[in-house]
Asks: 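Below is the structure I would like to discuss, written out as structure tokens.
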Amino acid sequence: MVTWSYSSIKTFDQCPKKYYHLRIAKDVKDEGGTAAQYGTDVHKAAEDHVKSGVPIPPKFKYMEPVVEALKAIPGEKYTELKLGIRKTGSTYEPCKFFDKDVWWRGVADFVSVNGWKAHSVDYKTGKNAKYADTKQLDLIAGALFVHFPDVTRVKSGLAYVVSDEWVPKVHVRTEKNAYLSAFDDELERLEEAEASGVWNAKSGPLCGWCPVVSCEHHRKPRRY
């Protein structure tokens, strides 16, 4: 059984060859860039402020209203919460993030649990919410229902802290299995690729930024 995450399945969907080199052969490393490091720093600043009250650095002050609003939500707070799911047939069970039989892994940026209610937020540092994908929220909500049996509703959101945009979604326990099966088609293709050893390259607009420079589709990114 394949162990996966939202980011890994999105990488496979973007290009199976890229997935192979990053996740299977591990002969290529994605160093990211300034944008990736900026996102990491934003997440760290938010985590430290919610968890330990560390002042938000001046360069990230724009996100302070969002983080303060999250701190004010009633309930037990979790930051960078690592969640693991074990799957047996059609049954989902909680497990540790690094268990050998973990089926899915995910990290929730912010979670607040208050009885039957929960809040889940993922910070985004993109320029805008035009291409927001709420399937990421679906997976985290599904995992929260597995890990917190008393929770029956999750108010989720993508917080675009730079553009000051909010993409909300409400999740209910009765749809748990639907949330966790959102990528079943992609997982089936991934399992087929692993079984056959065939990882076909896929050309796309992001090829210029791909770390797999040996690929026939790799090209220098355009400069605007």
Asks: Transitively linked via ILVMFWY side-chain contacts under 4.5 Å: Val66 with Val167?
Replies: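 No, separate clusters.
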Asks: Any side-chain heavy-atom pair from Leu144 and Val154 closer than 4.5 angstrom?
Replies: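 Yes, close enough: below the 4.5 Å cut-off.
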Asks: Ring centroids only, cut at 6.0 angstrom: are Trp103 and Tyr92 within range, meaning strictly under it?
Replies: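 Here the rings of Tyr92 and Trp103 have centres that are less than 6.0 Å from each other.
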Asks: Run the side-chain contact (heavy atoms from CB on, under 4.5 Å) test on Tyr19 and Ser8 for me, step by step, so that the C-alpha distance in whole Å, both residues' side-chain angles and the decisive distance to 0.1 Å come before the verdict.
Replies: CA-CA 7 Å; Tyr19 177 95; Ser8 70; 4.1 Å; yes
Asks: Can you name the closest pair of heavy atoms from Gly84 and His147 and give their distance?
Replies: O-NE2, 2.7 Å
Asks: So, taking the atom named NZ in Lys155 and the one named NE2 in His119, what distance separates them when rounded to the nearest 0.5 Å?
Replies: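 Answer rounded to 0.5 Å: 4.5 Å.
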Asks: Between atom CD of Glu192 and atom CZ of Arg189, what is the distance when rounded to the nearest 0.5 Å?
Replies: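 Atom-to-atom, Glu192:CD and Arg189:CZ are 8.5 Å apart.
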Asks: What closest approach, in Å, do Leu22 and Val28 show between heavy atoms, and which atom pair accounts for it?
Replies: CD2-O, 3.4 Å
Asks: Just do the ring-ring contact (aromatic ring centres under 6.0 Å, His included) check on Tyr38 and Phe60 with the steps written out, would you?
Replies: CA-CA 10 Å; Tyr38 188 83; Phe60 300 137; 5.5 Å; yes
Asks: Heavy-atom distance under 4.5 Å between the side chains of Arg86 and Thr91, does that happen here?
Replies: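 Counting from C-beta outward, Arg86 and Thr91 never come under 4.5 Å.
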Asks: Would you call Val161 and Lys124 a side-chain contact if the rule is heavy atoms closer than 4.5 Å?
Replies: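 The answer is no, as the side chains (C-beta and beyond) never meet within the 4.5 Å cut-off.
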Asks: Output the distance between atom CG (Asn114) and atom NZ (Lys77), rounded to the nearest 0.5 Å.
Replies: 8.5 Å
Asks: State plainly whether one hydrophobic cluster holds both Ile73 and Val170, where clusters connect Ile, Leu, Val, Met, Phe, Trp and Tyr through side-chain heavy atoms under 4.5 angstrom apart.
Replies: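 Hydrophobic grouping puts Ile73 apart from Val170.
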Asks: Within the 3.5 Å criterion, strictly below it, is a donor on His49 or Glu64 matched to an acceptor on the partner's side chain?
Replies: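 Checked: His49/Glu64 side chains show no N/O donor-acceptor pair below 3.5 Å.
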Asks: If you measure from the Lys or Arg side-chain nitrogens to the Asp or Glu carboxylate oxygens, is any gap between Asp138 and Lys169 under 4.0 Å?
Replies: yes
Asks: Is there side-chain contact between Lys82 and Arg105, with at least one heavy-atom pair below 4.5 Å?
Replies: no
Asks: Quick check on Asp164: does its CG atom have over 12 non-hydrogen neighbours (other residues, nucleotides or ligands) under 6.0 Å away?
Replies: no
Asks: Between Ile56 and Lys61, which heavy-atom pair has the shortest distance, and what is it?
Replies: O-CE, 3.5 Å
Asks: Any donor-acceptor pair under 3.5 Å linking the side chain of Ser181 with the backbone of Asp184?
Replies: no
Asks: Are Val50 and Tyr78 connected in the hydrophobic side-chain network, where two residues link if heavy atoms are under 4.5 Å apart?
Replies: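 Per the 4.5 Å side-chain linkage, Val50 and Tyr78 are not co-clustered.
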Asks: Is there a side-chain contact between Val146 and Leu180, using heavy atoms and a 4.5 Å cut-off?
Replies: yes
Asks: Using modelled atom types and a 3.5 Å cut-off, is there a donor and acceptor pairing between side-chain atoms of His218 and backbone atoms of Trp209?
Replies: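 Such a contact is absent between His218 side chain and Trp209 backbone.
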Asks: Any side-chain donor paired with an acceptor under 3.5 Å for Gln14 and Lys10?
Replies: no
Asks: For a 4.5 angstrom cut-off between non-hydrogen side-chain atoms, does Glu47 reach Asp109?
Replies: no
Asks: Is the backbone N or O of Lys96 less than 3.5 Å from a side-chain atom of Asp99, with the two atoms forming a donor-acceptor pair by type?
Replies: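 Yes; at least one donor-acceptor contact below 3.5 Å.
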Asks: Would you please test Leu139 and Trp4 for side-chain contact (heavy atoms from CB on, under 4.5 Å) and show each step?
Replies: CA-CA 12 Å; Leu139 291 171; Trp4 65 288; 3.7 Å; yes
Asks: Inspect the surroundings of NZ in Lys127 and state if more than 12 heavy atoms from other residues, nucleotides or ligands are less than 6.0 Å away.
Replies: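 No, NZ of Lys127 has 12 or fewer neighbouring heavy atoms, counting only those of other groups under 6.0 Å.
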Asks: Where is the tightest heavy-atom contact between Ser90 and Asn177, given as atom of each residue plus distance?
Replies: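 Shortest heavy-atom contact: O-ND2, 4.1 Å.
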Asks: How close do Ile140 and Ser120 get, heavy atom to heavy atom, and via which atoms?
Replies: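 The answer is CG2-OG, 3.4 Å.
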Asks: Using a 6.0 Å distance limit plus a 45 degree cone around the ring axis, check whether Lys17 lies over the aromatic ring of Trp199.
Replies: no
Asks: Determine whether Glu93 and Ile85 satisfy the following criterion, side-chain contact (heavy atoms from CB on, under 4.5 Å), listing intermediate values before the conclusion.
Replies: CA-CA 6 Å; Glu93 301 173 353; Ile85 298 292; over 6 Å; no
Asks: What is the minimum heavy-atom distance between Trp104 and Ala143, and which atoms define it?
Replies: CZ3-CB, 3.3 Å
Asks: Treat each ILVMFWY residue as a node, draw an edge where side-chain heavy atoms are under 4.5 Å apart, and state whether Tyr160 and Val162 are in one component.
Replies: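 Per the 4.5 Å side-chain linkage, Tyr160 and Val162 are not co-clustered.
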Asks: How far apart are the C-alpha atoms of Val172 and Thr152, what are their side-chain angles, what is the distance that settles it, and do they pass the side-chain contact (heavy atoms from CB on, under 4.5 Å) test?
Replies: CA-CA 6 Å; Val172 293; Thr152 60; over 6 Å; no
Asks: Below 6.0 angstrom between ring centroids: does that apply to Phe183 and Phe12?
Replies: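 So the answer is no for these two rings.
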Asks: To the nearest 0.5 Å, how far apart are CG in Asp122 and OG in Ser156?
Replies: 10.0 Å
Asks: Do Tyr179 and Phe148 land in one hydrophobic cluster if side-chain heavy atoms of ILVMFWY residues count as linked below 4.5 Å?
Replies: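 Yes, Tyr179 and Phe148 fall within the same hydrophobic cluster.
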Asks: May I ask you to test the Leu83-Leu81 pair for a side-chain heavy-atom distance under 4.5 Å?
Replies: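 Leu83 reaches Leu81 side chain to side chain.
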Asks: When you measure from the side chain of Thr40 to the backbone N and O of Ala36, does any donor-acceptor pair fall under 3.5 Å?
Replies: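 Pair found, side chain donor or acceptor close to backbone of Ala36.
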Asks: Any donor-acceptor pair under 3.5 Å linking the side chain of Ser196 with the backbone of Val198?
Replies: yes
Asks: Quick one: does any side-chain atom of Thr3 pair with a main-chain N or O of Val102 as donor and acceptor, under 3.5 Å?
Replies: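 Flag set: sc Thr3 to bb Val102 pair under 3.5 Å.
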Asks: Report yes or no: does Glu186 contribute a side-chain atom to a donor-acceptor pair with the main-chain N or O of Ile9 at less than 3.5 Å?
Replies: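 A pair under 3.5 Å: no.
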Asks: Evaluate the side-chain proximity of Leu137 to His171: yes if any heavy-atom separation is below 4.5 Å, no if none is.
Replies: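 Answer yes - side chains close enough.
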Asks: Could you list the cluster mates of Val107? Members are the ILVMFWY residues connected by side-chain heavy atoms closer than 4.5 Å, either directly or through other members.
Replies: Phe97, Phe98
Asks: Once rounded to the nearest 0.5 Å, what's the spacing between atom CH2 of Trp116 and atom CZ of Arg173?
Replies: 12.5 Å
Asks: Roughly how far, to the nearest 0.5 Å, is the OG1 atom of Thr79 from the CG atom of Leu70?
Replies: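 Here the rounded value is 11.5 Å.
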